[in-house]
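Right, one structure below, let's go through it.
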Amino acid sequence: MLQIAAIRNQKEAVIKALAKRNIDATEMVETALSLDEKRRATQTELDAIKAESNNLSKDIGALFQSKQPQKANVLKEKTTQLKEQSKNLEQVLNDTIEALNELLYKIPNVPNDLVPEGNSETDNEEVYLEGAIPDLGDNALPHWELAKKYDIIDFELGNKITGAGFPVYKGKGAKLQRALISYFLDKNTAAGYTEYQLPLLVNEASGFGTGQLPDKEGQMYHVTEDNLYLIPTAEVPATNIYRDSLLSEKDFPIKLTGYTPCFRREAGSYGAHVRGLNRLHQFDKVEILRIEHPDNSYNALNEMVEHVKGILQELQLPYRILRLCGGDLGFTSALTYDFEVYSTAQERWLEISSVSNFETFQANRLKLRFKNSSGKTELAHTLNGSSLALPRVLAGILENYQTDSGIKIPEVLIPYTGFSEIKM
RNA sequence: GGAGAAAUGGCAGAGUGGUCGAAUGCGGCAGUCUUGAAAACUGUUGAGGGUCACACCUCCGGGGGUUCGAAUCCCUCUUUCUCCGCCA
């Protein structure tokens, strides 16, 4: 969530930048500021009463000690009144804070200057394109057909065991999946990211810290019995490692990576575009995450983009990079680059990575701070990106590397798979 | 799952009703000494709100209560440890 102090200091700039998301934030901002005003006024009033009552208590203590209970009892009566007052004010204060926070949760992050105007994904700005789209001829099959033909992914079996969106990988399909995970993790650790294995279930506080709760509750599977949530992305447990922490400048940069399955309810998604591996309820993903000094976070974002580029170059897949427009930008992000691999048989682009700088938006909720060089406490910047999301990379490999006789394995993966082709 | 014990600042650890935001040690920072470093010595060192700056207010795992007054007493939740049971 945005910092109220930032809204106070740069009201117009905030409203103007939020307009890029096609929302008029004027009213929300004004309401927030007036609630903030009320909060501070109430707090001041309450503090004064508490100060008075603290002083009286000290006096009472002294009077009892000097054996003057009658005088003490007179003062006691006075404190009873003060108590009543402070109780009421406390109620007002808490209500005000709650109202303010509820409003702040609803205001999305302020887009960076680079974010282009636009309403939907069609307005995203293509900033990079690489890799030749192979000419597969008329026999090219979509990945779900290939998966069936070579018996490497069984979608029906997943339906039987769980339901739609839970595919079963088998044989060389399973091995290829594992190879990709290892390869991604190796690339990430070689680039200085520390590998983590994280919990797949998180508590409410964690879901709240990264912004899935309270609003996007429907996206996550909820284990009500224990009030835990299945993670929709490793971002949730990974970022929450640093919830409630106070770092020092020399701790930066913090770079970590982790492989996790991800679980998404994806309620209401049906039809052709969710076919095969395109959209699943359970999928694997390797994530990279950074916590940075605000001065360095955009530099870090570029590094992350370059890093993901490097991986796709090695895999030799046709891909492009989009800078998301205001209308398509995620709620918590200030600037996002999406990576899309070309699905040759489906003739469409598939999102395989999303690299974002959240600036202080998550850090504010997480209370993720650091001491700056002048000794002041400041919020850190958080960033994360997929490196990479498995199913669509797999789809891209299957489709782009298909031949009449089988599926070739990208060169860099052969040491991990132990085979160079998937055949009948 | 059952029985018992505990949760205090970056860490360790004292504090059982008022003078406690909290002793002491370690660590951190600054200085003295030194060619430099180490050691030693001296000083300093929690967070949040609030203020131009002070004042002031809040915080001793979370929430609630008793009391004029709570780190300290009571209730409750969470977590950790010990013992028992179960178990990959």
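The structure presented is a predicted model; accordingly, all values stated were derived computationally and were not measured. So you know, we letter chains A, B, ... as the sequences are listed, proteins then strands, and number each from 1.
Within the 4.0 angstrom heavy-atom criterion, base atoms lie near A:Ser57. At the heavy-atom level, A:Ile60 lies under 4.0 Å from base atoms of the strands shown. Note on A:Thr377: only backbone sugar-phosphate atoms sit closer than 4.0 angstrom, heavy atoms only; bases stay farther off.
A gap of 35 Å separates the P atoms of B:U24 and B:U79, to the nearest Å. Taking atom P in both B:U58 and B:A7, the straight-line distance is 24 Å, to the nearest Å. With both ends at atom C1', the span from B:C26 to B:U45 equals 13 Å, rounded to whole Å. For the P atom pair drawn from B:C57 and B:G69, the interatomic distance equals 15 Å after rounding to whole Å. Comparing the P positions of B:G1 and B:C77 gives a spacing of 13 Å, expressed to the nearest Å. With C1' as the reference atom, B:G9 and B:A5 are 24 Å apart, rounded to whole Å. Straight-line distance between the C1' atoms of B:C59 and B:C20: roughly 13 Å, to the nearest whole Å. A distance of about 15 Å separates the P atoms of B:U66 and B:C74, rounded to the whole Å.
Of all nucleotides present, only B:C68 satisfies the Watson-Crick or G-U wobble test against B:G18, with each distance under 3.5 Å. As the counterpart of B:G61, B:C77 is assigned, both hydrogen-bonding distances of the Watson-Crick or G-U wobble pattern falling under 3.5 Å.
A donor-acceptor contact closer than 3.5 angstrom links the side chains of A:Asp338 and A:Ser354.
Distance, A:Arg39 CZ to B:G49 P: 8 Å, rounded to whole Å. At whole-Å resolution of the value, NZ in A:Lys50 and P in B:G69 are 12 Å apart. A straight line from CD of A:Glu84 to P of B:U67 spans 14 Å, rounded to a whole angstrom. The CG atom of A:Asn372 sits 15 Å away from the C1' atom of B:A47 (whole-angstrom rounding). Per the geometry, CD belonging to A:Gln43 stands 12 Å off P belonging to B:C57, to the nearest Å. When the P atom of B:G28 is taken as reference, atom NZ of A:Lys250 falls 9 Å away, rounded to whole Å. In this structure, A:Ile49 places its CD1 atom 13 Å from C1' of B:C56, rounding to the nearest Å. As a whole-Å value, the separation of A:Lys78 NZ from B:G69 P is 16 Å.
Between A:Tyr105 and A:Phe331, the ring center distance fails the sub-6.0 Å criterion. Aromatic pair A:His281/A:Phe263: centroids not less than 6.0 angstrom apart.
The backbone N or O of A:Ala32 sits nowhere less than 3.5 Å from a side-chain atom of A:Asp36 that would complete a donor-acceptor pair. Judged by distance alone, with hydrogens and angles left aside, the side-chain atoms of A:Thr239 form no donor-acceptor pair with the main-chain N or O of A:Val236 at under 3.5 Å.
Both A:Lys58 and A:Thr44 lie close to RNA chain B; mapped to their nearest nucleotides by heavy-atom distance, the more 5′-ward contact belongs to A:Lys58. Position along RNA chain B of the nearest nucleotide to A:Leu46 versus A:Leu56 favours A:Leu46 as the more 5'-ward residue.
Taking 3.5 Å as the limit, the base of B:G69 and the side chain of A:Asn54 contain no donor-acceptor pair of atoms between them.
Distances shorter than 4.0 Å separate none of the side-chain N or O atoms of A:Lys83 from OP1 or OP2 on B:U67.
Comparing B:C68, B:G46, B:G49 by their closest approach to the side chain of A:Asp47 singles out B:G49. Nearest to the side chain of A:Leu246, among B:C57, B:A47, B:C68, sits B:A47.
In this structure, A:Lys172 forms no cation-pi arrangement with A:Tyr150, as its terminal cationic atom is not both closer than 6.0 Å to the ring centre and no more than 45° off the ring axis.
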